[in-house]
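First up is the structure itself, then whatever we jot down about it.
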Amino acid sequence: MIVTFGAATVGCGDCFLAGLVASLAGQDLLSAAALDRATAPALEQAGRYAAAVASLNAMREGCDPPSRAELEAFPRQVGRAA
């Protein structure tokens, strides 16, 4: 479990949804047919990515979504493999 301390929750829901859609798109899982055949690990990956996007946003004032580079560095910052 990753625990973060946030500064604000403004935009966290939007960031979560954006991260979820970005991860699903990156896995070619945006269509209904693709989602029907999605595996549990693929959906877990999408959820973890979305949570990371929202978590990084919460660590900042206002709505300030993270960059891809910040997202790639985030798992290493909390001691998890990318």
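By the side-chain contact (heavy atoms from CB on, under 4.5 Å) test, A34 is found to be paired with L29, S31, R37, residues two or more places apart in sequence or in another chain being considered. T39 pairs by the side-chain hydrogen bond (donor to acceptor under 3.5 Å, both in side chains) definition with nothing, not counting sequence neighbours. Contacts of P65 classified as side-chain contact (heavy atoms from CB on, under 4.5 Å), with partners at least two apart in sequence or in another chain: C15, N57, C63. A50 meets the side-chain contact (heavy atoms from CB on, under 4.5 Å) test with F16, L20; sequence neighbours excluded. Qualifying salt bridge (charged side-chain N to carboxylate O under 4.0 Å, His left out) partners for D64, counting only residues two or more places apart in sequence or in other chains: R60.
No chain of hydrophobic side-chain contacts below 4.5 Å, direct or via other Ile, Leu, Val, Met, Phe, Trp or Tyr residues, connects V21 to L71. Cluster membership for L30 and V53, using ILVMFWY side-chain heavy atoms within less than 4.5 angstrom, is not shared.
Between the Q27 side chain and the A42 main chain, a donor and an acceptor come within less than 3.5 Å of each other.
Applying the salt bridge (charged side-chain N to carboxylate O under 4.0 Å, His left out) rule to pairs touching residues 11-36 yields nothing, sequence neighbours excluded.
Here C12 contributes atom SG and L17 contributes atom CG; the two are 13.0 Å apart, rounded to the nearest 0.5 Å.
Ion pairing between R48 and E44 holds under the 4.0 Å rule for side-chain N and carboxylate O.
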